[in-house]
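See structure below.
Residue numbers start from 1 in every chain, and the chains themselves are labelled A, B, ... in the order their sequence lines are given, proteins ahead of strands.
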There are 2 protein chains.
Amino acid sequence: MDELNSKKAARATADLVAREANVSRVAVSRAFNPNASLKPEKRDRILQVARELNYTPDMAARSLVTRRSHLVGMIVPDVCSPWESQEIDALTTALQAEGFATLLFKAKADFSMDQTLLTYMRGFNPDSVIAFTENIAPDVLTGFLDRAVPIYVIYDDATEFSGKPASSIYDRLLVRQREGIEQAVALLQGYGARRVAYLGGKQQSLANNERERMITEILAERGMEPPIVVAGDYTYDTAYRATLDLFRVGDGADAIFAANDVGAFGAIDALRHDLGLSVPGDVKVVGFDDIPQAHWKSYNLTTVRIDLEDRVRALVRLILRRLKTPDADPMVETLGTRLVVRGTVG
Amino acid sequence: MDELNSKKAARATADLVAREANVSRVAVSRAFNPNASLKPEKRDRILQVARELNYTPDMAARSLVTRRSHLVGMIVPDVCSPWESQEIDALTTALQAEGFATLLFKAKADFSMDQTLLTYMRGFNPDSVIAFTENIAPDVLTGFLDRAVPIYVIYDDATEFSGKPASSIYDRLLVRQREGIEQAVALLQGYGARRVAYLGGKQQSLANNERERMITEILAERGMEPPIVVAGDYTYDTAYRATLDLFRVGDGADAIFAANDVGAFGAIDALRHDLGLSVPGDVKVVGFDDIPQAHWKSYNLTTVRIDLEDRVRALVRLILRRLKTPDADPMVETLGTRLVVRGTVG
DNA sequence: TTGTATGCGTTATCAC
DNA sequence: GTGATAACGCATACAA
């Protein structure tokens, strides 16, 4: 009884398993390393004993010598939108299947990235880092994280992050927004929209700026007026108020292109429940992302879809390839967008 | 140049900092341990050099000797609802402030908890574990995680998890649902509801069962008919279809009490956009949780609120206290609920 | 206050 | 295929 308890209480170690199975410490180590050479029956016996003793190799000790933590750091904004939550979710599932665990870190709400956080995170030695904030330059990140190579999301023709070339290596996820936005604008135009408003996201957001630029460009190409730009921050409440202002203080619009779905929801609710306008009758609305809520009947939102599964797969590919060949040249994965037509344009 | 590169490329170690600052290895260690005794000016110089060399103590090495990983494991369902995402979010922020990082693990969608996952997680030696799935008994969890003491969420009068006493220690977060539910039922009754339906969550969910039991109990106390129980699974789509069935196949109801807000949204949309009924005119709806979407104008949901901030604070208190006194008696934190009145009852 | 020696649990290297 | 030994980077007991 005491014997049993002390065995269970103490964290089972490789030496304990080795002693119990009458093998050496190293054999135990090999038993848990699939590509190490060990006589099959011996491995089976060791794994059996390990199971009985409730033993698992200690990742901390292992990472100390292998220089692989099997940890992927994710830096996310203080409070996440559904889109980000969903992506963290899917990424974690995908990475777990590859043997990596997600280590979550919260950045400040204003997307600022202080050195404190980076220093703190580095202590955990993540094998890779995905940052959901955009205003940190590659050079800064690479300077802090030694082993990890950052991945950046870039858009359409912008081949360099923020336009400035970086001296350090980083991998890229290129999102081709043009196709989706073009389809959306064409649909709006086809249904007679003439005054299109762009309801923006966070000012500092690269995605936001690129979306605005692209919409402006495409409207011009199709001979339409430039968009009425309305400031937002990706949140429902701000979008709601901004839409009220647009129609009460400003001259309104007959179509609203929102920088994200949540913003589109805010616009729709302001139009319907406060301004007494109908969607799509009086005003057409298009969103961006295609989060699950977009198909909820109250909104039934027409939106530009970035396929989450594709996106996650691309990111995981980048991570795994970089880990396999740490000194490889910068890698790029490309992602398309397309319009999902539902009920807010027509 | 080569000198600089090699210095930057190699992970800065305590020895390197010690050499550069002309102190011993141990001094560096002490410099990063606030309550270790070290001459202040010496500490400052060391920290200065450390900053220049981009050095951070290695958590893996540290945890190996301190037996503290500063990691909190969270086991969450494969795909998270807004409520869970929000809680993970808030918990991570709160824990980070206390020096802990969140380690995320995905369980299967069916809430099953296989040994593989637990074994895998244990390898990382989390200091504490929060499980968002409910069908794993304390004894099993404690058997697997040696250092960590599990925390369970229990409801109202159910003093024991699943009713069976457990031999192992675990801490409890007691949620008093009665107050909120009672307020909701009173409001419904006050507005003339007579046939109340309960739109359930996942069958295996303890929270779901307790909510159903409590609603049944309170309806009886107030002299009302028992609820028409409709099966659900916390998702929008299932709630939507279940509501259609309730009115097309079944006899309908004049009030729907949903097990969570997302389910309530599904019910509302089915009523308004498919069944042509008005909410709250024809049917009143109450939700549970009060997620951010509940105040969106399209739903404007009356719902029983479990305060997220309170809940997170309680959990963090439990975690910190248990870490400080690992052998303490089981601890309990209590949480209230209250009705948030909006526009779906009236 | 400071330094020396030892150990944490694991894998890599090298013999055999 | 197998086992001894030396790291990995850090914190602690102990002596000074």
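Between A:Pro326 and A:Lys324, the closest heavy-atom pair is CD-O, 3.4 Å. Heavy-atom minimum distance, A:Ala107 versus A:Leu117: CA-CD2, 4.0 Å. When all heavy atoms are compared, the tightest approach of B:Tyr170 to B:Pro330 is O-CB, 3.7 Å.
For the pair B:Arg62 CZ and D:dG9 C1', the interatomic distance rounds to 11 Å; values are reported in whole Å. Look at CZ on B:Arg68: it is 17 Å from C1' on D:dC10, rounded to the nearest Å. Rounding to whole angstrom units, CG of residue A:Leu64 and C1' of D:dA7 are separated by 9 Å. In this entry the distance linking CG of A:Asp15 with P of D:dG3 reads 14 Å, nearest Å.
Exactly one of B:Arg321, B:Arg172, B:Arg313, B:Arg311 qualifies for a salt bridge (charged side-chain N to carboxylate O under 4.0 Å, His left out) with B:Glu333. That residue is B:Arg321.
One finds the CG atom of A:Leu318 at 5.0 Å from the CD1 atom of A:Ile151 (value rounded to the nearest 0.5 Å).
With a 4.5 Å cut-off on side-chain heavy atoms, B:Leu91 and B:Thr102 do not count as touching. Two residues are said to be in side-chain contact when any heavy atoms from C-beta on lie closer than 4.5 Å; B:Asp89 and A:Val79 meet this criterion. For the pair A:Tyr152 and A:Leu173, the minimum side-chain heavy-atom distance is 4.5 Å or more.
At a non-hydrogen distance threshold of 4.0 Å, A:Ser24, A:Arg25, A:Val26, A:Ala27, A:Arg30 from residues 22-33 of chain A come into contact with DNA chain D. Residues of residues 40-47 of chain A that place a heavy atom closer than 4.0 Å to DNA chain D, in numerical order, are A:Lys42.
Sequence order on DNA chain D of the closest nucleotides to B:Ala14 and A:Lys39 puts A:Lys39 first from the 5' end.
Within the 3.5 Å criterion, the main-chain N or O of B:Asp327 finds no donor-acceptor partner in the side chain of B:Thr325.
Taking side-chain N and O atoms only, B:Thr13 has a distance below 4.0 Å to OP1 or OP2 of D:dC10.
Nucleotides of DNA chain C lying under 4.0 Å from heavy atoms of chain A occupy a range whose first and last members, 5' to 3', are C:dG9 to C:dA12.
Among the heavy atoms of the strands lying under 4.0 Å from A:Thr66 are primed sugar atoms or P, OP1, OP2 only; no base atom is included.
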Evaluation steps, salt bridge (charged side-chain N to carboxylate O under 4.0 Å, His left out), between B:Asp78 and B:Lys106 = CA-CA 5 Å; B:Asp78 187 30; B:Lys106 290 280 160 184; 5.8 Å; no

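Ring pair A:Phe105/A:Phe124 is tilted by interplanar angle, where 30° to 60° counts as tilted.
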